[in-house]
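As structure tokens, the structure follows; a few thoughts come after it.
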Amino acid sequence: MENGSVNHEMETASTITIKGILSLLMQNLDENNCKRLIPLGMGDPTLYSCFHTTHVAGQAVVEALQSDKFNGYSPTVGLPQTRRAIAEYLSCDLPYKLSCDDVFITSGCTQAIDVALAMLARPGANVLIPRPGFPIYELCATFRRLEIRYYDLLPENGWEVDLDSVEALADQNTVGFVIINPGNPCGNVYSYQHLKKIAETAEKLKIPVIADEVYGHLVFGDNPFVPMGVFGSMVPVLTLGSLSKRWIVPGWRLGWFIIERIKKYFDILGGPATFIQAAVPRIIEQTDNVFFKKTINTLKQTSDICWDMIKEIPCLTCPQKPQGSMAAMIKLNISSLEDISDDIDFCFRLAKEESVIILPGTAVGLKNWLRITFAADPQSLKEALGRLKSFCKRHTKLMLQQQQ
């Protein structure tokens, strides 16, 4: 703290991680503040009791572990039965059938991201990444010596891809085009028509689409979830996904990567625990649809709370009501605040004064925006947003307060 302002060391864009920033925010909490901590920064719904996995998932893992059949190494590409179950699960939404040979098991979706970029990397290559987006792409691309080119998402158009900017950025060295749908961090869900335009653009540019669908099926707005693989006959699609979000088990680190002819690359990788893999077929086959509906209903309820309460805070604007995933992007009007310099300063002060953790937009590529995760129990979310409102009112310029 210098002269009443908060001074924080921030890393360069290529080394920023969500967990790193949230760790710094946690360190900035005031230990003398009696308010309970309410974290709305991490996309981990297990922090709240209203979100928990289905009973059959736990049973399947226990059964696999106690069988003593899955204590050894699994094949580097994953257990055959796991790959088969995921192929059948994903094929339900596609106009063609995947085989188990198309599915490769990874240690969470993060490893799938790294695999995708590592496979595509070559000297002088570049990759198109959305802004705002998920910073792991930037970290992995930097590590693989891929040039990063950011294309914009358009908040005024429901965070659709700016396809004109994609065409302007792509060249003969572009090796991949990353799409995140349902959207993280924006909470958007692309329509079939927009996804088709994305596929047509990729086809025209002759570049594969890396489709991050880790939030697949977690939708509660007007647009249904449409997998990018629907357009697989038009353009090569590398699909990334995981159990983490839909089954609410992010700590299990069970992800997948869908494409052909990459087995040799997986020979140098280590996947998730064998017994977790062994549980997957039963988890997929026996999870009742009631479980999924309950999760969707809770997310719909909390997204509505977030949308309604943010509208009551003058210095914050949410350009689109969340349609899916677990987070929303909120625009911060810095000019209306008396002593806040930017989104990072805002979040550090909020943590210290109100014990509420939200993510500065800088972490996902948009300065002076905020990412709020609404995967929280309704009462905690209401309390957190109430504190956020009080914080904003306290820091609003006096002249503006008098006009309100």
Side-chain angles (χ1 to χ4, degrees), residues 18 38-48 50-51 130-134 152-161 179-192 194-195 212-227 244-246 248 250 292-313 315-333 343 347 356-361 363-366 368-386 388-389:
I18 289 175
I38 306 179
L40 301 178
M42 179 68 76
D44 184 355
T46 65
L47 297 172
Y48 296 94
C50 63
F51 291 100
R131 180 173 52 199
F134 186 52
D152 291 324
L153 303 183
L154 304 172
E156 66 274 17
N157 291 342
W159 299 104
E160 287 188 344
V161 175
I179 298 293
I180 305 176
N181 180 55
N184 177 25
C186 303
N188 57 296
V189 178
Y190 292 138
S191 67
Y192 178 94
H194 187 60
L195 290 170
D212 183 330
E213 297 176 354
V214 73
Y215 285 96
H217 293 282
L218 288 180
V219 299
F220 36 82
D222 295 332
N223 292 334
F225 169 63
V226 178
S244 298
K245 307 301 183 180
R246 196 179 188 201
I248 315 181
F292 296 130
K293 288 182 177 178
K294 181 180 178 183
T295 301
I296 292 296
N297 289 340
T298 304
L299 287 172
K300 175 69 166 65
Q301 179 187 4
T302 55
S303 69
D304 286 345
I305 290 169
C306 187
W307 171 255
D308 291 338
M309 293 189 70
I310 290 298
K311 287 192 293 186
E312 297 174 359
I313 305 175
C315 67
L316 302 180
T317 305
C318 186
Q320 184 200 36
K321 188 173 184 177
Q323 303 288 307
S325 76
M326 298 178 178
M329 287 296 286
I330 313 296
K331 187 170 178 59
L332 176 62
N333 182 4
D343 58 314
C347 291
V356 172
I357 303 289
I358 59 177
L359 190 71
V364 294
L366 277 190
N368 292 335
W369 286 69
L370 309 168
R371 189 192 79 167
I372 296 180
T373 300
F374 50 78
D377 71 77
Q379 285 308 117
S380 293
L381 183 61
K382 288 177 182 177
E383 182 179 345
L385 294 175
L388 175 61
K389 183 177 181 179

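Keep in mind that this is a model prediction, so the values were computed, not measured.
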Quick one: are I18 and F134 in side-chain contact, heavy atoms under 4.5 Å? yes
So among I358, L370, I330, which one has a side chain to side chain contact (heavy atoms under 4.5 Å, CB included) with D343? L370
D212 side chain to I180 main-chain N or O, any donor-acceptor pair under 3.5 Å? no
With a 4.5 Å heavy-atom cut-off, do L388 and V356 have their side chains touching? no
Keeping the roles fixed (side chain from D377, backbone from C50), state whether a donor-acceptor pair exists under 3.5 Å. no
With a 4.5 Å heavy-atom cut-off, do E156 and P319 have their side chains touching? no
Heavy-atom side-chain proximity of I305 to F374 below 4.5 angstrom: no
Is there a side-chain contact between P155 and M329 (heavy atoms, below 4.5 Å)? no
Please name the pair of heavy atoms, one in N188 and one in Q320, separated by the smallest distance, quoted to 0.1 Å. CB-OE1, 3.8 Å
CD1 of I372 to CG of L359: how many Å apart, nearest 0.5 Å? 10.5 Å
Any donor and acceptor pair, going by atom type alone, linking the side chain of K245 with main-chain N or O of G43 inside 3.5 Å? yes
Test V214 against N184 for side chain to side chain contact (heavy atoms under 4.5 Å, CB included), laying out the working first. CA-CA 9 Å; V214 73; N184 177 25; 5.9 Å; no
Counting N and O atoms only, with roles assigned by atom type, does the side chain of R371 sit under 3.5 Å from a partner on the main chain of G41, one being a donor and the other an acceptor? yes
Is there side-chain contact between Y190 and I179, with heavy atoms separated by less than 4.5 Å? yes
Could you measure the distance from the NZ atom of K300 to the OG1 atom of T295? Nearest 0.5 Å is fine. 15.5 Å
Using modelled atom types only, decide if a donor and an acceptor are shared between the side chain of S303 and the backbone of L299 within a distance under 3.5 Å. yes
Tell me if a side-chain donor or acceptor on Q323 pairs with a main-chain N or O of D222 at a distance below 3.5 Å. yes
Test item: H217 side-chain N/O and R246 main-chain N/O as donor-acceptor pair under 3.5 Å: no
Which value, rounded to the nearest 0.5 Å, describes the distance between L47 atom CG and I38 atom CD1? 12.0 Å
Heavy-atom closest pair (F220 atom, P322 atom, distance to 0.1 Å) is CE1-O, 3.5 Å
For K321, salt bridge (Lys or Arg N to Asp or Glu O under 4.0 Å) partners two or more places apart: D304
Does the N368 side chain pair with the main chain of L332, one donor and one acceptor, at a distance under 3.5 Å? no
Give me the atom names and distance for the closest heavy-atom approach of Y192 to V226. CD1-CG1, 4.0 Å
Would you compute the distance between atom CD1 of I313 and atom SG of C318 and round it to the nearest 0.5 angstrom? 11.0 Å
Given side chain to side chain contact (heavy atoms under 4.5 Å, CB included), test V161 with H194 step by step and report yes or no. CA-CA 8 Å; V161 175; H194 187 60; 3.6 Å; yes
Measuring from T317:OG1 to I310:CD1, what's the distance to the nearest 0.5 Å? 9.5 Å
Take L316 and N333, measure what side chain to side chain contact (heavy atoms under 4.5 Å, CB included) needs, and give me the verdict at the end. CA-CA 6 Å; L316 302 180; N333 182 4; over 6 Å; no
Would you say the side-chain atoms of D44 pair up with the backbone N or O of T46, donor to acceptor, closer than 3.5 Å? yes
Taking the side chain as every heavy atom from C-beta outward, state whether V219 and P224 have any atom pair closer than 4.5 Å. no
Identify the residue among P130, P185, P132 that makes a side chain to side chain contact (heavy atoms under 4.5 Å, CB included) with W159. P132
Straight-line distance of Y48 OH to T373 OG1, nearest 0.5 Å: 9.0 Å
Between T302 (side chain) and P378 (backbone), is there a donor-acceptor pair under 3.5 Å? no
Before you tell me yes or no, could you show the steps for M309 and L381 under side chain to side chain contact (heavy atoms under 4.5 Å, CB included), namely the whole-Å CA-CA distance, both residues' side-chain angles and the distance that decides it to 0.1 Å? CA-CA 10 Å; M309 293 189 70; L381 183 61; over 6 Å; no
Y215 side chain near V189 side chain, heavy-atom distance below 4.5 Å: no
